[in-house]
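Heads up: the structure comes next, in structure tokens.
Values below: every heavy atom of this structure, side chains too, minus hydrogens, waters and symmetry copies. Chain letters run A, B, ... following the sequence lines, proteins first, then strands; residues in each count from 1. Since we're looking at a predicted model, the values are computed, not measured.
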Number of protein chains: 2
Amino acid sequence: MNDLSPTATRILDVAQDLIQKSGYNAISFNHIAEGVGIKKPSIVHHFPNKAALGRAVVVRYRETFTVALDSVQADPTKNALDVLALYFKPYTDIANTREKICLCGALAGEFMALPEEMKEEVASFFKQHLQWLRSILQAGKDDGVLGFCGPADAMAKLIFDALQGGLIVARATDEDGHLNGVIDELIKNIRPA
Amino acid sequence: MNDLSPTATRILDVAQDLIQKSGYNAISFNHIAEGVGIKKPSIVHHFPNKAALGRAVVVRYRETFTVALDSVQADPTKNALDVLALYFKPYTDIANTREKICLCGALAGEFMALPEEMKEEVASFFKQHLQWLRSILQAGKDDGVLGFCGPADAMAKLIFDALQGGLIVARATDEDGHLNGVIDELIKNIRPA
DNA sequence: GTCTATACAAAGATAGAC
DNA sequence: GTCTATCTTTGTATAGAC
């Protein structure tokens with residue numbers, strides 16, 4: 001899945017950066033080309049149209065997380081709280097940029113104006129993360145490391161939605177430490193009583 | 001603040017509906033004009049440009065909530081849990097449309113691509129709701145109706161971000177009852193132990 | 001207050017030279 | 001693989017008639 005030319009990779013890099021900042025509909029081939037340092041038609045040589053490029057960005061983003069989630073989950077030396085701390089890290093990294101949010105959070109904000117092939121990828125990203133969180137939470141509850149109330153599924157939704165919403169609200173309000181406050185509060189609510 | 005002509009009001013109605021579905025950058029005067037049943041240049045007669053129209057939509061949205069929040073908070077017959085239940089109602093209503101999210105949630109997703117005057121209004125909306133929630137939560141904790149852990153400010157952020165994120169994730173995944181599950185989980189975590 | 005007509009820029013996309 | 005040139009559509013905005 002990594003059979004991408006160096007230029008194609010840089011196009012995806014720039015496109016992802018711009019989408020995380022401004023969304024999909026606000027950006028154009030020209031903006032991306034300028035960031036890469038090439039001209040508009042050169043992009044079409046690597047990706048046939050804007051929707052295909054947009055989809056490729058999400059596919060790569062999703063795969064990066066898939067690998068990371070799997071490897072973290074498979075580590076037997078880490079308990080559920082350790083695993084969750086690792087999961088939160090990319091979110092705080094994004095929040096620290098002050099200009100970006102989650103790629104899929106940005107796209108989901110303009111969901112009804114996305115090409116069909118992008119909608120599917122964004123939805124898959126969300127479902128994948130929700131399922132992964134549910135699995136981690138359930139395991140943590142089973143062995144007593146976690147002690148939240150209610151089913152793991154509901155807490156997974158609360159955590160994931162709070163992270164996505166947290167990034168969006170934090171960027172707009174530009175309040176220092178907003179997301180960290182949310183994460184701390186989440187951790188307080190999943191610890192055993 | 002309600003000195004708007006009937007046509008101007010309908011323009012705001014249609015524009016708000018479209019933004020909640022598709023965002024600000026995905027829509028145009030043509031889309032709005034079509035929804036209202038007038039021609040493109042007629043919109044400019046009511047709002048000088050797109051940014052002014054966008055700002056007017058957010059200002060009106062914000063004012064509607066301001067009135068509602070104040071009246072709910074001022075009702076002495078309702079305790080903090082009742083007040084929060086009323087606060088959640090508009091969110092579940094939006095989720096039930098299956099196509100919309102919070103107006104300001106949609107705009108915040110493309111925040112860096114918004115005109116400056118819209119950024120300010122969106123930020124104010126978020127800060128206003130966060131402050132209101134903090135106030136309600138603190139009052140509920142003080143008189144024992146609520147029993148969450150940590151400061152009211154952190155729980156206010158968690159609740160608000162989860163609602164905003166919940167709308168976004170619910171629409172993209174199209175899962176029935178997603179937001180209700182999040183709200184139930186929130187309520188479980190703010191009740192006294 | 002709404003319209004037709006138009007100006008002007010930017011968008012996505014294609015053709016073909018190098 | 002990248003470019004210039006071009007096509008077509010759509011976007012915001014303006015001018016001026018009704």
Side-chain angles (χ1 to χ4, degrees), chain A residues 2-19 21-58 60 106-107 109-110 112-119 121, chain B residues 2-19 21-58 60 106-107 109-110 112-119 121:
Chain A
N2 270 352
D3 51 348
L4 284 170
S5 73
T7 306
T9 303
R10 282 165 58 219
I11 291 172
L12 291 184
D13 291 343
V14 172
Q16 179 181 326
D17 180 80
L18 289 174
I19 294 173
K21 287 176 182 161
S22 302
Y24 174 77
N25 286 292
I27 69 167
S28 70
F29 281 170
N30 251 337
H31 297 126
I32 300 167
E34 196 175 326
V36 177
I38 55 177
K39 296 294 177 181
K40 191 164 57 162
S42 304
I43 295 178
V44 187
H45 176 79
H46 299 274
F47 303 95
N49 53 55
K50 193 185 176 188
L53 170 54
R55 182 176 179 278
V57 172
V58 189
R60 189 185 65 160
L107 294 172
E110 50 187 344
M112 304 306 285
L114 291 183
E116 216 50 53
E117 60 261 50
M118 293 186 70
K119 284 187 186 176
E121 285 299 321
Chain B
N2 270 352
D3 51 348
L4 284 171
S5 74
T7 306
T9 302
R10 282 166 58 219
I11 291 172
L12 291 185
D13 291 343
V14 172
Q16 179 180 326
D17 180 80
L18 289 175
I19 294 174
K21 287 176 182 160
S22 302
Y24 174 77
N25 286 291
I27 69 168
S28 70
F29 281 171
N30 250 338
H31 297 125
I32 300 167
E34 194 175 329
V36 177
I38 55 178
K39 295 295 177 182
K40 194 163 55 163
S42 304
I43 296 178
V44 187
H45 176 78
H46 298 275
F47 302 95
N49 52 55
K50 194 186 174 187
L53 169 55
R55 182 177 179 278
V57 171
V58 189
R60 189 185 65 160
L107 294 172
E110 49 187 345
M112 304 305 285
L114 291 183
E116 216 50 52
E117 61 260 51
M118 293 186 70
K119 284 187 185 176
E121 285 299 320

Query - Stretch residues 5-12 of chain A: residues that reach within less than 4.0 Å of DNA chain D through a heavy atom - result: A:Ser5, A:Thr7
Report task. Applying side chain to side chain contact (heavy atoms under 4.5 Å, CB included), name anything that partners A:Ala56, two or more places apart in sequence or on another chain. Result -> A:Leu12, A:Phe47
Query raised in the report: Which pair of non-hydrogen atoms, one from A:Ile19 and one from A:Tyr24, has the smallest distance, and what is that distance?
Result: CG2-N, 4.2 Å
Query raised in the report: Which residues within residues 49-58 of chain A lie with some heavy atom under 4.0 Å of an atom in DNA chain D?
Result: none
Requested in this report: Would you please name every residue forming a side chain to side chain donor-acceptor pair (under 3.5 Å) with A:Ser28, sequence neighbours left out?
Outcome: A:His31
Requested in this report: Given side-chain contact (heavy atoms from CB on, under 4.5 Å), test A:Asn25 with B:Glu110 step by step and report yes or no.
Outcome: CA-CA 9 Å; A:Asn25 286 292; B:Glu110 49 187 345; 5.7 Å; no
Query - Positional range of nucleotides in DNA chain D within the contact set of chain B, heavy-atom, under 4.0 Å - result: D:dG11 to D:dT14
Query raised in the report: Taking all atoms of both residues into account, what is the closest heavy-atom pair of A:Ala15 and A:Val57, and its distance?
Result: CB-CG2, 3.8 Å
Report summary line: residues 34-49 of chain A vs side chain to side chain donor-acceptor pair (under 3.5 Å), sequence neighbours excluded, gives none
Requested in this report: Look at A:Ser28 and C:dA11 and indicate whether a side-chain polar atom (N or O) is within less than 4.0 Å of OP1 or OP2.
Outcome: yes
Requested in this report: Report the residues that fulfil side chain to side chain contact (heavy atoms under 4.5 Å, CB included) with B:Val14, sequence neighbours left out, ordered by chain and then residue number.
Outcome: B:Leu18, B:Ile32, B:Val36
**Report entry** Nearest-angstrom distance from the residue atom CG of A:Asn30 to P of C:dA11
**Finding:** 6 Å
Query - B:Met118 versus B:Ala51, closest heavy-atom pair with distance - result: CG-O, 4.0 Å
Report summary line: Contacts of B:Asp13 meeting side chain to side chain donor-acceptor pair (under 3.5 Å) (sequence neighbours excluded), chain-then-number -> B:Arg60
Query raised in the report: Between B:Ile43 and B:Ala33, which heavy-atom pair has the shortest distance, and what is it?
Result: CD1-N, 3.6 Å
Query - By side chain to side chain contact (heavy atoms under 4.5 Å, CB included) - contacts of A:Pro48 (at least two apart) - result: A:Ala52
**Report entry** Sub-4.0 Å heavy-atom contacts from residues 32-48 of chain B onto DNA chain D, ordered by number
**Finding:** B:Lys40, B:Pro41, B:Val44
Query raised in the report: By salt bridge (Lys or Arg N to Asp or Glu O under 4.0 Å), which residues pair with B:Lys119, not counting sequence neighbours?
Result: B:Glu116
**Report entry** Any residue meeting salt bridge (Lys or Arg N to Asp or Glu O under 4.0 Å) with A:Arg55, in chain and number order, not counting sequence neighbours
**Finding:** A:Glu121
